[in-house]
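Only one structure is covered here, and it is reproduced in the block below.
Lettering follows sequence order; numbering is per chain, from 1.
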Amino acid sequence: GEVRLAVATNFHEAAERLSEQFAEATGHSSRISYGSTGKLYAQIRHGAPFDVFLAADQERPHLMEQNGSAVPGTRFTYAVGKLVLWSPDPEAFTDPVAFLREGNFRRLAIANPKTAPYGLAARQTLENLGLRAALEGKLVRGESIAQTFQFVATGNARAGFVALAQLRDDHDGGARWEVPDTYHDPIAQQAILLERGRDNEAARAWLEFLASREAQDIIRQYGYDIPQSPE
Amino acid sequence: MSPEWQTVWLTLKLAGITTALLMVIGTPIAWWLARSNHWLRQPVAAIVALPLVLPPTVLGFYLLLLMGPEGIVGTLTKTLGLGTLPFTFAGLVIASVIYSLPFTVQPLQNVFSTVNERMLEVAATLRASPLDRFFSVVIPLARPGFLTAAVLTFAHTLGEFGVVLMIGGNIPGETRVLSVAIYDHVETLEYAKAHLLAGGMLVFSFLVLLTLYLINGRLNNGNLKS
Amino acid sequence: MSPEWQTVWLTLKLAGITTALLMVIGTPIAWWLARSNHWLRQPVAAIVALPLVLPPTVLGFYLLLLMGPEGIVGTLTKTLGLGTLPFTFAGLVIASVIYSLPFTVQPLQNVFSTVNERMLEVAATLRASPLDRFFSVVIPLARPGFLTAAVLTFAHTLGEFGVVLMIGGNIPGETRVLSVAIYDHVETLEYAKAHLLAGGMLVFSFLVLLTLYLINGRLNNGNLKS
Amino acid sequence: MNEPGILARVAIGFDRFRLDVDLQLPGNGVTALFGHSGCGKTTLLRCIAGLQECAGHLYVNGDVWQDGTTCLPVHQRPLAYVFQETSLFPHLSVNGNLNFGYRRTPAAQRRIHPQQVIDWLGLSHLLDRRPERLSGGERQRVAIARALLTSPRLLLMDEPLSALDQASKRDILPYLETLRDSLDIPIIYVSHSAAEVARLADNIVMMDQGRVVAEGGLQETLARPDQPFALEHDAAVIVPAIIRERDLQWHLCRAEFEGGSLWLRDDRQSETGTRVRLQILARDVSIALAANHEQSIQNLLPARVMDMAAEHRPGMTTVRLQAGKTSFLSRITSRSAHQLGLSPGMEVCLQIKSVAIVE
Amino acid sequence: MNEPGILARVAIGFDRFRLDVDLQLPGNGVTALFGHSGCGKTTLLRCIAGLQECAGHLYVNGDVWQDGTTCLPVHQRPLAYVFQETSLFPHLSVNGNLNFGYRRTPAAQRRIHPQQVIDWLGLSHLLDRRPERLSGGERQRVAIARALLTSPRLLLMDEPLSALDQASKRDILPYLETLRDSLDIPIIYVSHSAAEVARLADNIVMMDQGRVVAEGGLQETLARPDQPFALEHDAAVIVPAIIRERDLQWHLCRAEFEGGSLWLRDDRQSETGTRVRLQILARDVSIALAANHEQSIQNLLPARVMDMAAEHRPGMTTVRLQAGKTSFLSRITSRSAHQLGLSPGMEVCLQIKSVAIVE
Ligand SMILES: Nc1ncnc2c1ncn2[C@@H]1O[C@H](COP(=O)(O)OP(=O)(O)OP(=O)(O)O)[C@@H](O)[C@H]1O
Ligand SMILES: Nc1ncnc2c1ncn2[C@@H]1O[C@H](COP(=O)(O)OP(=O)(O)OP(=O)(O)O)[C@@H](O)[C@H]1O
Ligand code: MOO
Ligand SMILES: [Mg+2]
Ligand SMILES: [Mg+2]
């Protein structure tokens with residue numbers, strides 16, 4: 001059978017890789033649509049033909065469970081995002097907190113806290129450092145975590161909070177600081193079986209596969225944590 | 001067909017069908033707007049321009065609401081046994097048509113309003129019926145407007161993206177068009193692929209446009225300035 | 001000013017300035033395209049239409065590259081002591097100008113090409129210099145084209161979104177415009193707010209457009225059909 | 001309603017102008033429409049063609065074109081219209097323009113064919129040309145040809161020859177005459193040129209400020225010494241005659257009419273026996289008390305003074321005379337009339353300097 | 001180069017047409033440009049106006065408009081152009097059209113003012129009208145007025161009166177004459193109407209297929225019996241004369257010229273002593289061997305036959321005669337000429353039926 005996946009953009013590469021493995025393991029094929037979590041949510045609410053939703057947060061899967069667009073009880077956290085303060089310039093900072101506190105830069109990029117979970121985490125981090133008010137005027141907001149990355153990568157922002165999953169060791173060197181997860185609520189990315197996929201064998205198989213050890217290894221490779229005990 | 005070519009083909013199909021449909025739909029609207037003295041003329045003209053004002057994604061969102069299973073249009077299409085339109089190619093076409101309507105209607109209306117009334121009168125005295133006059137006099141005289149309308153519509157549908165993403169759902173081989181694919185590549189940091197697709201699209205479009213303009217220039221050869 | 005009104009004001013400012021600039025920039029380009037016989041005419045015409053072809057976000061991405069500190073334009077603006085353009089209002093204006101250029105140039109070019117050469121000759125024999133002829137003859141005769149160009153440009157800048165999002169960085173009071181705000185509301189499921197803003201924008205735009213068309217209709221009063 | 005002829009009752013008002021016309025015109029032949037600039041000639045033609053909405057009715061040779069209930073749209077009225085101003089399609093070549101109406105005329109109704117008009121109007125070297133590359137006169141000729149090629153059943157011509165030089169007019173007029181005779185259709189012809197009118201028209205309608213101020217057959221109307229037409233300088237009579245004799249050496253011919261005969265130039269080389277129409281301008285006719293053969297004026301006719309009328313402009317008198325059964329007009333100074341003692345009934349000698357065959 | 005007058009050497013080729021003209025025209029007065037449709041009249045005017053690029057040079061009353069190195073753009077040439085086809089600005093009212101050029105003429109150079117031309121051309125009731133709401137003749141009058149209001153130093157008129165009826169022409173022509181005399185500028189006037197030309201022109205240029213085939217002063221040219229002009233029917237001489245006597249009862253006046261005097265209508269009510277220009281059409285002049293006073297033709301002049309020429313069209317002969325020092329033309333049938341035995345040197349009596357004052 002075939003499973004139609006709606007996948008939050010930040011998980012794109014991992015999802016591609018997973019679906020290859022999934023096909024090998026089960027013989028099912030998958031067709032993946034990407035989009036921001038908010039957009040995918042709106043689409044699913046209005047009849048988009050997806051079987052499984054891999055969101056970038058836990059809020060929207062939770063909502064879906066309540067409003068009947070998803071199958072209750074199928075929700076689980078498949079990955080936990082890791083936030084990184086990054087600048088392509090290796091000289092940019094050695095002590096990240098001092099760097100932020102001194103504020104010797106024009107622009108700092110974060111994702112829009114309203115639309116992207118990584119943005120929310122970034123804001124919480126700044127709050128915990130007591131720097132939110134001081135830096136407010138220097139923030140530029142990317143609509144998605146991808147846009148935020150582009151702001152930084154093109155040099156238009158001195159540094160920015162991006163997802164670890166976005167950084168390639170090979171060519172995205174520079175200065176980086178993996179933000180300890182004590183600075184922000186966990187960026188729990190949840191998956192859920194949608195109503196349309198209720199009777200799709202392949203869909204259930206995919207969710208099963210996503211929770212498997214094999215899958216978790218792959219997910220880790222792409223810069224995510226795996227939750228200690230899936231909810 | 002490889003997924004890339006599938007996307008290219010889908011894109012061209014969408015832009016082509018949208019442009020063709022809009023030429024058919026837009027021409028009578030533009031003609032009416034340019035020629036009528038009905039009191040509804042100005043309101044309709046204003047409404048035609050409105051799809052432009054909304055951000056494409058937002059327009060897409062409202063179309064989704066309308067055409068979704070609970071929307072007015074969706075209820076209608078369902079009772080007609082057509083299913084719902086979002087996430088189908090047909091849905092994409094309809095959304096593109098709505099979104100690009102102003103790009104077709106405005107240039108046409110514009111050029112229609114400059115067509116010399118006398119030429120229509122002459123044609124009438126030479127036995128041409130209203131429809132005949134339209135095809136044998138208005139269309140040739142309004143050719144630069146048709147060219148502009150077609151170019152704007154086609155190019156805009158190629159680059160159109162927000163609406164398509166929202167209504168189409170980015171489903172490979174079904175509703176994923178080039179603009180969405182390039183966007184995806186940029187979003188997922190696959191810059192090399194993005195550059196390739198964007199560059200290819202630019203070169204291709206440039207060549208198509210250039211050819212069009214050259215042909216048009218040849219046809220004109222100074223004749224439309226009179 | 002409350003953030004909402006700040007956003008509205010910023011949006012109108014951006015659309016207004018972009019439209020005004022484009023009228024100034026687009027008019028000579030359109031005139032040259034419509035009247036010249038230079039061999040570069042068709043290639044330039046094709047290039048002018050190109051910004052349309054790319055998805056706005058992608059165009060925004062490339063502009064980000066170009067105008068960023070390592071881009072050609074960025075290097076230039078930096079050496080000129082202007083800093084870099086992204087995330088500034090000036091940068092937004094420049095991006096909007098580039099993106100909306102075809103909407104200004106194409107309708108103008110179009111209507112310029114239908115201006116009767118004879119009228120320019122007559123004006124010349126009545127002592128009007130080329131510039132004078134342009135203002136006293138071409139502009140009045142081409143008025144429907146100017147209206148269309150201005151409406152398309154203004155509306156498109158209002159709704160424009162991908163480029164603005166990319167170049168602007170969504171800074172409240174500086175680069176957050178209405179389209180971005182509505183988009184945000186849709187993304188975050190704040191549908192009531194989205195409906196309000198979108199509805200307001202539609203009603204406002206409708207009224208503006210209607211007024212424009214009514215005034216234009218009054219001015220025309222059948223005079224442009226001759 | 002089923003009678004031949006044109007019945008036109010047309011009313012329409014603009015801001016400061018009102019056209020109100022009730023006309024009855026014969027079903028064939030040329031009606032000349034005369035009048036000052038702005039008197040409503042073009043407006044009347046437009047109403048007849050259906051280009052201008054108006055109140056009233058219009059019957060053409062038995063067909064209803066407009067009445068209280070119906071109003072045929074322009075393209076269903078089998079008419080052709082030569083506009084006052086150039087009206088060629090700029091997007092078509094001369095050939096394309098000519099064929100526009102021809103192609104739309106059902107083959108069975110075609111009575112005029114492209115090659116004919118191209119020859120008549122001298123267009124063969126222009127066929128591939130775009131209108132903007134034609135001279136003013138060339139454009140006008142193409143417009144006439146295009147109109148004729150629809151083989152109309154009513155021909156409306158708004159100053160069709162005004163852009164043409166004398167020579168072109170001289171070349172084209174005979175063809176218009178041929179057309180008038182062979183097509184057997186009514187032609188309404190707006191012209192400011194008395195010469196054209198006298199030559200072509202069978203009927204005259206004089207308009208002023210949107211109303212018809214006079215109308216009638218050419219001969220009767222022209223032979224009225226108090227004629228209301230602004231012709232004055234060009235007042236003339238038209239005399240039907242038959243060619244009786246030709247003087248090949250001197251290129252002259254003799255035309256006989258009821259009441260005498262006249263020598264004239266053998267322009268057309270008409271066979272003896274041909275029926276012709278002679279135009280004799282009042283200004284070419286002088287009056288002598290007795291015949292004097294020792295002068296270059298060779299056409300001397302005994303005639304009787306019928307009546308006399310002073311002209312609109314002082315100092316001139318138009319005298320109507322009769323030779324046999326034929327009326328002539330003579331335009332002389334009032335002083336001459338007085339000095340010669342002219343009075344109705346008096347026998348005199350007409351001296352006719354110039355005669356033209358107009359048909 | 002600093003001499004008055006117009007020196008124009010103009011060459012230009014279209015696909016199938018070549019204009020090649022070398023003209024020297026006087027620095028004031030009216031030059032009539034004559035020729036068949038398509039002979040290049042409009043093209044010549046366009047070259048002079050600078051609307052058509054061409055090779056050659058152009059000097060106007062001492063100013064260089066074009067030569068090898070310079071070429072003044074149109075708007076810097078102090079000329080006015082009345083186009084052959086209507087050319088009003090559709091976006092301006094009649095008033096706006098009139099003012100277009102007037103506003104752009106430096107106040108110090110204005111010699112003609114709106115109220116004047118509005119009165120001359122009868123436009124006062126049209127001022128607020130849009131061009132599309134005018135009749136053909138009204139449009140043409142507005143175009144003339146608009147051109148005049150630039151107070152040009154060279155006036156180019158391409159068939160300006162062809163859309164007008166006789167009455168309008170009669171009203172407008174005197175003003176054009178006044179203009180010609182008062183402005184002291186050259187006017188180049190394209191017309192197909194011999195009457196207009198004879199009335200206005202001082203100079204004639206005849207073109208054929210892009211070349212000048214004849215040119216010269218009006219009087220000399222018209223008095224050539226073999227005149228190359230396509231006037232024929234309208235051949236005429238122009239005779240300068242002085243009003244000597246007025247007969248108020250009969251509305252006549254007597255004009256004296258070198259070699260006699262003529263009675264004519266006292267149209268203009270000119271005072272005695274006024275200098276006038278008489279136009280005498282060859283067709284109005286007949287020849288008798290002796291004077292016959294018992295006829296309506298009252299102008300009988302003794303004259304001598306100078307020479308005779310057969311016309312282009314067979315059967316007619318143009319005879320040049322001299323009365324005193326003044327030349328006359330008479331157009332008679334060749335048979336009359338033969339029968340009267342006319343030959344150079346013979347003394348005859350001219351019978352002149354009609355004389356017009358043209359100035
Ligand atoms: N659309 C219009 N609106 C108002 N007045 C008009 C309109 N069209 C024509 N007129 C006026 O109606 C009158 C008649 O115009 P029309 O064109 O019939 O005259 P015409 O007899 O053809 O004159 P001409 O010999 O100058 O062509 C004119 O006084 C003109 O100004
Ligand atoms: N743009 C052009 N391209 C090619 N041929 C042209 C062009 N303009 C004019 N001609 C030709 O040049 C010749 C002269 O044209 P022009 O307009 O000067 O004639 P004209 O003497 O004014 O005639 P008319 O009395 O008919 O107005 C004509 O044979 C015409 O067909
Ligand atoms: O994948 Mo997201 O929802 O764009 O951060
Ligand atoms: Mg008219
Ligand atoms: Mg011409």
Side-chain angles (χ1 to χ4, degrees), chain B residues 41-43 45-47 49-59 61-62 102-103 106-107 109-111 113-118 141 144-145 147-148 151-152 155-156 158-162 178-180 182-183 186-187 194 198 201-202 205-207 209-210 212-214 217 220 224-226, chain C residues 41-43 45-47 49-59 61-62 102-103 106-107 109-111 113-118 141 144-145 147-148 151-152 155-156 158-162 178-180 182-183 186 194 198 201-202 205-210 212-214 217 220 224-226:
Chain B
R41 193 166 82 92
Q42 273 89 11
I47 286 174
L50 278 190
L52 266 184
V53 171
L54 286 184
T57 322
V58 175
L59 181 70
F61 173 65
Y62 284 110
F103 299 113
Q106 295 253 6
Q109 177 184 348
N110 214 298
V111 76
S113 76
T114 64
V115 167
N116 191 335
E117 184 72 31
R118 166 60 50 88
L141 288 179
L147 184 69
T148 298
V151 165
L152 286 181
H156 190 253
L158 276 193
E160 211 285 287
F161 155 78
L178 259 179
S179 55
V180 173
I182 302 179
Y183 171 79
V186 173
E187 284 282 286
M201 197 142 160
L202 281 184
S205 305
F206 177 78
L207 291 179
L209 288 174
L210 187 62
L212 262 178
Y213 289 143
L214 283 174
N220 272 1
L224 282 153
K225 296 200 175 149
S226 64
Chain C
R41 194 166 82 92
Q42 273 89 9
I47 286 174
L50 278 190
L52 267 183
V53 171
L54 284 184
T57 324
V58 175
L59 183 68
F61 171 65
Y62 285 112
F103 299 115
Q106 295 253 4
Q109 177 185 348
N110 214 296
V111 76
S113 76
T114 64
V115 166
N116 191 334
E117 183 71 30
R118 167 59 51 89
L141 289 178
L147 185 69
T148 298
V151 165
L152 287 182
H156 190 251
L158 277 192
E160 210 286 287
F161 157 79
L178 261 177
S179 54
V180 174
I182 304 179
Y183 173 79
V186 171
M201 197 144 162
L202 281 183
S205 305
F206 177 77
L207 291 179
V208 170
L209 289 174
L210 186 62
L212 261 178
Y213 288 143
L214 284 175
N220 271 1
L224 282 153
K225 297 200 175 146
S226 63

Non-hydrogen atoms of C/P144 and B/N110 that approach each other most closely: O-ND2, 3.4 Å
Are any of the side-chain heavy atoms of B/V53 and C/M201 separated by less than 4.5 Å? yes
Largest heavy-atom contact set with chain B, pairs under 4.5 Å, which of C/L158, C/L209, C/T148, C/L207: C/T148
Least distance between heavy atoms, B/P43 atom then C/L210 atom: N-CD1, 3.4 Å
Can you list the residues that meet the ring-ring contact (aromatic ring centres under 6.0 Å, His included) rule with B/Y213, with sequence neighbours excluded? none
State the OH-CD1 distance between B/Y62 and C/I182, to the nearest 0.5 angstrom. 7.0 Å
If you count heavy-atom pairs under 4.5 Å with chain C, which of B/P51, B/S205, B/P102 comes out on top? B/S205
Identify, with sequence neighbours excluded, every residue that meets side-chain contact (heavy atoms from CB on, under 4.5 Å) alongside C/L212. C/L147, C/V151
For each of C/A194, C/G145, C/P107, tally heavy-atom pairs with chain B at distances under 4.5 Å, and name the one with the top tally. C/G145
Starting at CG of C/L152, measure out to CG of B/L52 and round the result to the nearest 0.5 Å. 6.0 Å
Validation row: B/F61, C/Y183 side chains within 4.5 angstrom (heavy atoms): no
What heavy-atom pair brings B/G159 and C/P56 nearest, and what distance separates the two atoms? O-CD, 3.6 Å
Shorter than 4.5 Å, heavy atoms on both sides: which option in C/V208, C/L178, C/L50 has the most such pairs with chain B? C/L50
